[in-house]
2 protein chains.
Amino acid sequence: MESRIERLCVERGLKMTGQRRVIARVLSDADDHPDVEELYRRAVALDARISIATVYRTVRLLEERGILERRDFGGGRARYEPTEHGHHYHLIDVDSGRVIEFEDRSHEQVLAAIAQRLGFDLVSHRLELFGRRIAAAKPVGAPDAGTDAAPRRRKDRPA
Amino acid sequence: MESRIERLCVERGLKMTGQRRVIARVLSDADDHPDVEELYRRAVALDARISIATVYRTVRLLEERGILERRDFGGGRARYEPTEHGHHYHLIDVDSGRVIEFEDRSHEQVLAAIAQRLGFDLVSHRLELFGRRIAAAKPVGAPDAGTDAAPRRRKDRPA
DNA sequence: TTAGGTGCAAAGAGTTTGCTCGTAT
DNA sequence: ATACGAGCAAACTCTTTGCACCTAA
């Protein structure tokens, strides 16, 4: 059946190849923030006839078409998520790399005001929290959000 | 004369080579957020016997020693600034790459509270504004902050 | 039919590293 | 004297691209 992302692609008149359909499905099913390698791994599991170059080309295309958003949480690899399932921010678990999303409407205006004061129109902004899970307390409203793990490699240094 | 950064190096027992002295001077004199290539360019101008590998090794060392802080403003290149001339945030001019610093004490507690609510202790955070200069108004309190220009290259895409 | 997508391998950009030689302490 | 730093080039990681071939519309 047609995935959500595939539908968006069709709406925007993109040619739907087998590879794109698979990548669209993977993206639609993801509830985390996979990087290209991870997307590639999941896509290949569904259909081996996909190269990583195609994944790179596809995420770039979808980003240009406003279907995907690229994130940079440090560590050198770009990560992707579907556009706009609500404006939200990210809290990155520094121990596991897991990403928790949260909302905070109040920030927007405050930041725009700050920019204004400095003589700028706010075009966009980046707000990320890095935190460590509190041992005792069970988090509320943040059900374990998928397998976002970013297996720290040698080169990795905190952003 | 001994630069501020050099003094910090000596205090921490680092062996002071000619190259390190030059790099320390460049860093002490910088009031912007240079990337490694820019540091290299400035260092070579003072003393040609410096290789870019040494600049990389030195900034990494100084970062580990807490003397420098690495910044990632998107665009793939890490940028550096001396640690703690006060807690501050950055506003990046999307047209020129120029970086304006600003303070905002009020954020800290708000963000810590948000993390707490999600079950996390706030370890660190990242807040960056991307803006476009307002044509009419002259900015207040942000005297043209150095030559921070990041000459956008082909590969660059907004963070 | 044909504009555009794909795979592969090579190229790039930024950064790190092995090795040999040099030097601060 | 010697432990540590420097220069150079090669290696690495992530991402893009040239080219010959393939396929959706």
Side-chain angles (χ1 to χ4, degrees), chain A residues 2 6 9-24 34-41 43-44 46-65 68 70-80 150-159, chain B residues 2 6 9-24 34-41 43-44 46-65 68 70-80 150-159:
Chain A
E2 192 181 56
E6 180 177 350
C9 290
V10 173
E11 278 171 19
R12 283 161 224 228
L14 298 182
K15 190 188 278 189
M16 288 314 291
T17 63
Q19 290 85 333
R20 285 198 184 158
R21 235 180 290 276
V22 170
I23 296 170
D35 57 30
V36 169
E37 251 184 76
E38 178 60 26
L39 289 173
Y40 174 61
R41 242 176 272 127
V44 163
L46 299 185
D47 181 343
R49 287 169 308 177
I50 292 182
S51 79
I52 196 161
T54 295
V55 179
Y56 271 109
R57 282 194 268 238
T58 302
V59 292
R60 170 162 239 191
L61 176 70
L62 299 202
E63 193 206 353
E64 284 164 355
R65 293 302 200 279
L68 281 189
R70 175 204 333 237
R71 301 290 174 193
D72 168 16
F73 297 144
R77 312 185 277 306
R79 300 169 66 166
Y80 292 87
R152 294 272 164 197
R153 308 182 183 184
R154 179 85 42 243
K155 188 186 162 190
D156 283 17
R157 283 179 289 166
Chain B
E2 192 181 56
E6 179 177 351
C9 291
V10 173
E11 279 170 19
R12 286 164 221 223
L14 299 181
K15 190 188 278 190
M16 288 314 290
T17 63
Q19 289 87 330
R20 285 197 184 157
R21 236 180 289 274
V22 170
I23 295 170
D35 58 30
V36 169
E37 252 183 76
E38 179 61 27
L39 289 173
Y40 174 61
R41 239 175 275 126
V44 163
L46 299 184
D47 181 343
R49 288 169 309 178
I50 293 181
S51 79
I52 197 162
T54 296
V55 179
Y56 272 109
R57 281 194 268 239
T58 303
V59 292
R60 170 163 240 190
L61 176 70
L62 298 201
E63 193 205 353
E64 284 163 357
R65 292 302 199 278
L68 280 189
R70 175 202 334 234
R71 301 290 175 193
D72 168 16
F73 296 144
R77 312 184 280 302
R79 300 170 65 167
Y80 293 86
R152 295 269 163 199
R153 306 183 184 184
R154 179 85 42 246
K155 188 186 163 192
D156 282 18
R157 283 178 291 167

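Order of the sequence lines sets the chain letters (A, B, ...), proteins ahead of strands, with each chain counted from 1.
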With the sugar-phosphate defined as primed atoms, P, OP1 and OP2, and the base as all remaining atoms, what B/S/- string results for nucleotides 18-25 of chain D, 5' to 3', for protein heavy atoms under 4.0 Å?
B-----BS
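In this structure, CZ on B:R79 lies 10.5 Å from CG on B:L39, to the nearest 0.5 angstrom. Atoms CD and CD1, from B:E6 and B:I23 in turn, are 12.0 Å apart once rounded to the nearest 0.5 Å. Between the CG atom in B:D35 and the CZ atom in B:F73 there is a gap of 11.5 Å [rounded to 0.5 Å]. One distance of note links CZ of A:R70 with CG of A:L62; it measures 12.0 Å at 0.5 Å rounding. Between A:L61 atom CG and A:E63 atom CD the span is 10.0 Å, to the nearest 0.5 Å.
For A:R49, the salt bridge (Lys or Arg N to Asp or Glu O under 4.0 Å) test picks out A:D47, with sequence neighbours left out. Among residues two or more places apart in sequence or in another chain, the salt bridge (Lys or Arg N to Asp or Glu O under 4.0 Å) test is passed with A:R20 by none. In terms of the side-chain hydrogen bond (donor to acceptor under 3.5 Å, both in side chains) criterion, B:Q19 has no residue partners (sequence neighbours excluded).
With hydrogens and angles disregarded, a donor-acceptor distance shorter than 3.5 Å links the side chain of A:R12 to the backbone of A:R65.
If you check C:dG5, D:dA6, D:dG7 against the side chain of B:I50, the one that comes closest is D:dG7. Distances from the side chain of B:Q19 to the nucleotides D:dG7, C:dT16, C:dG7 place D:dG7 closest. Taking only side-chain atoms of B:S51, from C-beta outward, the nucleotide of C:dG14, D:dT15, D:dG7 with the closest atom is D:dG7. When distances are taken from the side chain of A:R20 to each of D:dG7, C:dG5, D:dT15, the shortest belongs to C:dG5.
Annotation: the terminal axes of the helix from C:dT1-D:dA25 to C:dT25-D:dA1 meet at 30°, where each axis is the rotation carrying the C1' atoms of four end pairs onto the next four (5 pairs per end, rounded to 10°).
Computed from coordinates, the B:E38 CD to C:dA13 P distance equals 18 Å when rounded to whole Å. Rounded to whole angstrom, the span from the CG atom of A:D35 across to the C1' atom of D:dC14 amounts to 10 Å. The interatomic distance linking A:Y40 (OH) with C:dC8 (C1') rounds to 11 Å, in whole Å. Spacing between atom CG of A:L39 and atom C1' of D:dT15 amounts to 14 Å, rounded to whole angstrom units. Distance A:I52 CD1 to D:dT16 C1': 12 Å, rounded to the nearest Å. Distance CG (B:L61) to P (C:dT16): 12 Å, rounded to an integer number of Å. Regarding A:E37, its CD atom lies at a distance of 13 Å from the C1' atom of D:dC12, rounded to whole Å. For the pair B:E63 CD and C:dT16 C1', the interatomic distance rounds to 14 Å; values are reported in whole Å.
The shortest distance between the side-chain N/O atoms of B:Y56 and the OP1/OP2 oxygens of C:dT15 is below 4.0 Å. In this structure, A:R79 does not reach the D:dC14 phosphate: none of its side-chain N or O atoms is under 4.0 Å from OP1 or OP2. The side chain of B:R60 contributes an N or O atom lying less than 4.0 Å from OP1 or OP2 of C:dT16.
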Exercise answer: donor-acceptor pairs, residues 50-57 of chain B side-chain atoms, under 3.5 Å, sequence neighbours excluded:
from  : atom 1 : to    : atom 2 : distance (Å)
B:S51 : OG     : B:A53 : N      : 3.4
B:S51 : OG     : B:T54 : N      : 3.4
B:S51 : OG     : B:T54 : OG1    : 3.4

